[in-house]
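Working notes, beginning with the structure itself.
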Amino acid sequence: MHLAHYLGLLHRSQNELAGAFCEVGRAHADEPDIHHVCERLAAQCTEHVRLLDPFVRRYSEEAVDEPERLHSALFSGTRSGPIGLLRDLHDLYLMAAECDMAWTLIGQAAQGARDTGLLEVVGRCEGETATQMEWLSSRMKQAAPQALVVA
Amino acid sequence: MPDRIADPWGSRTPYGPPAAVERFAAALPGRLRDILPGDLGRRSPWPVRVDTFLAEGVTEDDVDAWVPSASILHSNGDAMDIAVSGGRIVGVRGRAADRVNHGRLGPKDLYGWQANNSPDRLTRPLIRGRGGELAETDWDTAMDLIVTRSKALLDGPGGWGNFAFYTSGQLLLEEYYTLGVIGKAGIGTPHMDGNTRLCTATAAAALKLSFGTDGQPGSYTDVDHCDAIALWGHNAAETQTVLWARMLDRRRGPRPPAMIVVDPRETPVAREADVHLAVRPGTNMALMNALLHVLIGEGRYDERYVRSRTTGFEELRRTVADCTPRWAAEICDVPASRIEQAVEILGSCDRLLSTVLQGFYQSHQATAAACQVNNIHLLRGMIGRPGAGVLQMNGQPTAQNTREAGADGDLPGLRNWDNPEHIRQLAELWNVEPSVIPHWAPPTHAMQIFRYAEQGSVKLLWISATNPAVSLPDLARIRRTLAKEDLFVVVQDIFPTETAQLADVVLPAATWGEKRGTFTNADRTVHLSEKAVDPPGQARSDLDIFLDYARRMDFRDKDGAPLIKWHDPESAFEAWKACSAGRPCDYTGITYGMLRRGGVQWPCTPGSPRGTERLYAGGRFNTDPDYCETYGHDLLTGAGRTEEQYRAGEPRGRAFLHAAPYQPPPETAGGDHPMLLTTGRTVYHFHTRTKTGRAAQLNAAAPDPWVELSPGDASALGVAEGDVVRVESPRGALEARARVCGTRPGVVFVPFHYGYWDRDGSGPGDGTPRAANELTATGWDPVSKQPYYKISAVRVSKAADAGGTLSSAPTTGAASPHDPRVPVTAGGPQAEAREWIEADGHAERADRSGPWEGPGAAGERPWTRSRSETSERSQATRWFEED
């Protein structure tokens with residue numbers, strides 16, 4: 001059963017997203033909305049991690065060897081300035097998108113495994129991840145014309 | 001003769017609710033109501049009281065003309081006539097027949113007009129010379145400079161992005177609409193906002209989210225009909241004195257309404273209310289969720305209304321499931337029993353009127369909390385009928401017009417920027433390509449505009465009728481931005497404000513009484529304000545300035561004709577009417593001629609020529625996807641929802657019950673900054689005091705800023721009444737004298753009006769800073785983008801002894817002193833105004849209809865009751881005594 005690996009993948013991705021939200025928020029503290037919302041969303045990701053913990057532990061007992069190249073890094077530090085902000089938010093979006101799809105797949109697996117507890121966690125968290133993507137998308141769409149055409 | 005500085009609200013004229021037949025008639029749809037005999041359903045029992053103030057030595061016999069207008073120093077829209085003598089304004093008189101005020105005026109109305117006659121009005125354009133000084137010039141030179149710079153910046157792709165317009169809540173509808181078209185179809189920039197962002201953006205956001213579009217559901221006559229009033233973060237006594245007088249008159253009459261207030265300070269409203277919830281700043285959402293928890297948990301809601309007229313109930317129920325009064329009591333630091341008392345009123349009344357203002361709007365979960373007020377009304381089915389209404393208030397006099405005419409972050413006619421059909425309508429109306437109108441994202445909000453200017457991508461910032469160098473948060477940063485070499489700042493104003501002193505070009509404008517145009521108050525009442533006198537020197541109306549700019553820029557439509565096809569206020573109003581047609585703010589039934597007879601509430605169409613008193617009667621809301629103004633937002637992040645998501649919710653004319661969990665504020669007291677600062681308006685001043693500070697009576701009543709401290713905090717800090725205290729936040733510091741009074745422990749209040757113009761500076765320079773916004777943080781609500789002024793962590797220390805001087809904080813408002821030695825605030829002989837009370841039966845003056853009142857107006861006397869029918873407030877009807 002490979003569910004443990006995908007749970008591990010999501011667990012790690014959520015952790016990394018939390019860290020990235022924190023870093024981007026700090027790096028762009030002169031944009032107060034970015035700063036505050038990123039802080040809030042980082043806390044949300046950390047909570048997702050906490051909720052995943054027991055399932056990661058439980059399923060890892062039944063796990064086979066982890067397949068190769070399961071995880072790929074999407075974030076390698078922040079940038080500055082209007083274009084830098086756009087790129088940083090774009091990175092966060094891709095990371096959130098990875099989590100979003102992972103929630104979907106784990107939700108599918110949880111149904112297959114008849115694991116209602118896990119399904120409940122997926123139900124609670126996947127909407128928040130989707131909203132994170134919506135916020136990132138809204139904010140990028142607002143910033144893009146000024147950053148790419150005007151500045 | 002009443003001293004209206006000493007008594008800002010004037011004499012009580014108690015009254016009771018109208019009879020049931022009147023209420024039944026008032027609930028009828030407009031057309032049915034219009035055919036009833038004798039104005040049944042349109043009358044108000046609130047007695048007439050006509051307030052008048054004339055300059056010293058002037059009597060009514062000296063007045064050449066009474067020119068109709070309405071108040072421009074707050075959002076209440078008090079109708080008044082301007083007294084003119086010898087070509088000068090010499091006084092004002094309330095209009096008896098107007099639906100808003102029945103003749104009453106507040107202190108700012110009575111005395112504020114004198115600022116028009118100030119010797120330091122701007123009378124000629126100014127431009128910054130080589131030596132860096134502002135020097136007088138002529139209009140051609142000043143406008144040429146702006147136009148040359150504009151054309152250079154507009155050249156090339158993305159030129160639109162170099163422009164930004166920051167306007168006001170104090171111009172007129174015709175001016176906003178013209179500016180909106182210049183910005184959106186002339187230059188094509190989304191960077192336009194009003195200072196309404198600071199005062200009323202949350203009202204608009206909450207109305208759009210809950211009901212589909214902006215537009216006040218309630219009416220001021222709901223004060224007549226209601227049996228309970230809840231003031232959510234609203235110090236009405238100081239912000240809308242005449243509305244408060246109406247509430248007080250109900251409270252002193254038979255069958256008075258119960259009253260609840262949420263405010264951390266002991267305001268006059270808190271002193272009057274039956275239940276005062278003095279919550280810790282930044283915790284409104286916890287309180288609201290607890291109130292909803294009990295209402296839902298105890299089944300005290302209209303199940304049928306909720307099922308058929310709303311959507312989102314299950315999520316709301318889930319969100320507030322754990323939010324008990326005990327839980328909220330801990331967070332808000334108010335007794336759980338007090339919260340339960342409030343629910344008792346909210347859950348048992350038949351007709352609830354809510355008013356909401358800055359205590360909610362300028363906090364961090366602003367839109368979320370304002371939506372919960374809407375939720376209470378939706379749950380109880382208390383919307384759109386007499387006495388059951390919501391007033392999401394405005395702070396500024398013409399803020400409603402900034403919103404509806406598209407001079408802020410909204411599109412004209414309350415259109416949805418994300419709806420291509422709405423953009424097509426505007427493009428067709430203006431005869432431009434839809435692609436010209438920026439609609440790729442929401443219009444840029446004020447704080448983001450200043451950020452772009454700070455970063456250098458906005459290179460021309462045109463500021464009209466507002467003073468961001470005092471009113472925006474974190475002033476040191478704002479001053480730095482405005483002073484930047486690569487930012488060309490145009491300021492259009494009537495005085496050399498702090499902001500004007502940092503401008504590259506200053507354009508002298510005409511103001512209220514010197515130009516013609518319309519504006520709309522917080523309950524959708526449109527008034528016409530006529531030109532009473534000529535502006536001083538070369539000053540021009542803001543409309544003429546915008547029209548001149550459009551002409552010189554040669555903005556064209558797609559057929560090569562001039563983009564702006566109007567030339568004066570009335571033709572601009574006609575153009576606006578076409579833009580408003582079919583939208584919630586439909587003005588097509590209104591004419592200037594009609595407005596000369598008195599205020600009219602929009603929507604007003606040829607089919608409903610007397611306007612519309614209440615929106616959403618019968619629970620039909622503006623949420624249809626093709627009609628709504630927004631597809632919605634996530635309340636915690638502000639993330640925009642898509643059309644598909646919105647349609648999937650199948651709104652079908654139902655209102656939205658939006659839910660959100662409480663979140664702690666971004667800045668909390670602790671460590672180096674153990675107290676919380678909250679800022680706000682006070683009764684004698686408006687905005688940055690540019691006018692009220694120049695009216696002798698208003699200025700003398702509150703000449704300097706002050707710092708409100710609770711007795712416990714003051715004693716812990718070793719501070720006594722009148723001592724100079726220093727307040728410091730991570731952004732800056734200020735010094736002012738302490739007023740020890742009834743604010744809640746741990747909370748410091750500083751009025752936001754005071755800046756540096758009366759010290760001849762754009763900022764503190766080498767002197768002591770005194771503006772409240774030296775302390776506030778740059779941050780805003782994620783949905784409405786309204787900055788949060790109400791929650792800054794500060795530390796307070798004593799800077800100097802009082803030295804025998806007391807604080808000059810007025811004693812009439814929230815700053816009512818604990819120290820009995822503080823003399824009460826009074827205006828003396830120079831503040832003596834006149835009151836004429838109709839019910840008294842001893843008219844001082846037989847004819848109070850001025851020559852400008854149109855035919856029929858003099859006969860339209862509001863229905864009055866005799867004094868004998870009224871009674872003192874009965875203790876038995878008070879819902880709760882203080883515990």
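Proteins come first, then strands; the chains are lettered A, B, ... in the order of their sequence lines, and each starts at number 1.
- Within a 6.0 Å radius of CG in B/Asp322, other residues, nucleotides and ligands contribute 12 heavy atoms or fewer.
- For a residue to count as touching a neighbouring chain, one of its non-hydrogen atoms must lie under 4.5 Å from one of that chain's; by this rule B/His633 does not touch chain A.
- Rounding to the nearest 0.5 angstrom, the gap separating the CG atom in A/Asp30 from the CD atom in B/Gln455 is 8.0 Å.
- Rounded to the nearest 0.5 Å, atoms CG (A/Leu41) and CG (B/Leu636) are 9.0 Å apart.
- In this structure, the portion of B/Pro664 lying under 4.5 Å from any heavy atom of chain A is its backbone and not its side chain.
- Within a 6.0 Å radius of OH in A/Tyr6, other residues, nucleotides and ligands contribute 12 heavy atoms or fewer.
- Both the backbone and the side chain of B/Ala639 have a heavy atom closer than 4.5 Å to some heavy atom of chain A.
- Scanning residues 81-88 of chain A against chain B with a 4.5 Å heavy-atom cutoff picks out A/Pro82, ordered by number.
- Close approach to chain A, defined as a heavy atom under 4.5 Å from one of its heavy atoms, is seen in B/Pro157, B/Gly158, B/Trp160, B/Gly161, B/Asn162 of residues 154-162 of chain B, taken by number.
- Annotation: salt bridge (charged side-chain N to carboxylate O under 4.0 Å, His left out) contacts involving residues 442-460 of chain B, sequence neighbours excluded, comprise A/Glu31-B/Arg451, B/Arg451-B/Glu454, B/Glu454-B/Arg477.
- Below 4.5 Å, heavy atoms of chain B meet heavy atoms from A/Thr131, A/Glu134, A/Trp135, A/Ser138, A/Arg139, A/Lys141, A/Gln142, A/Ala143, A/Pro145, A/Gln146, A/Val149, A/Val150, A/Ala151, all part of residues 113-151 of chain A.
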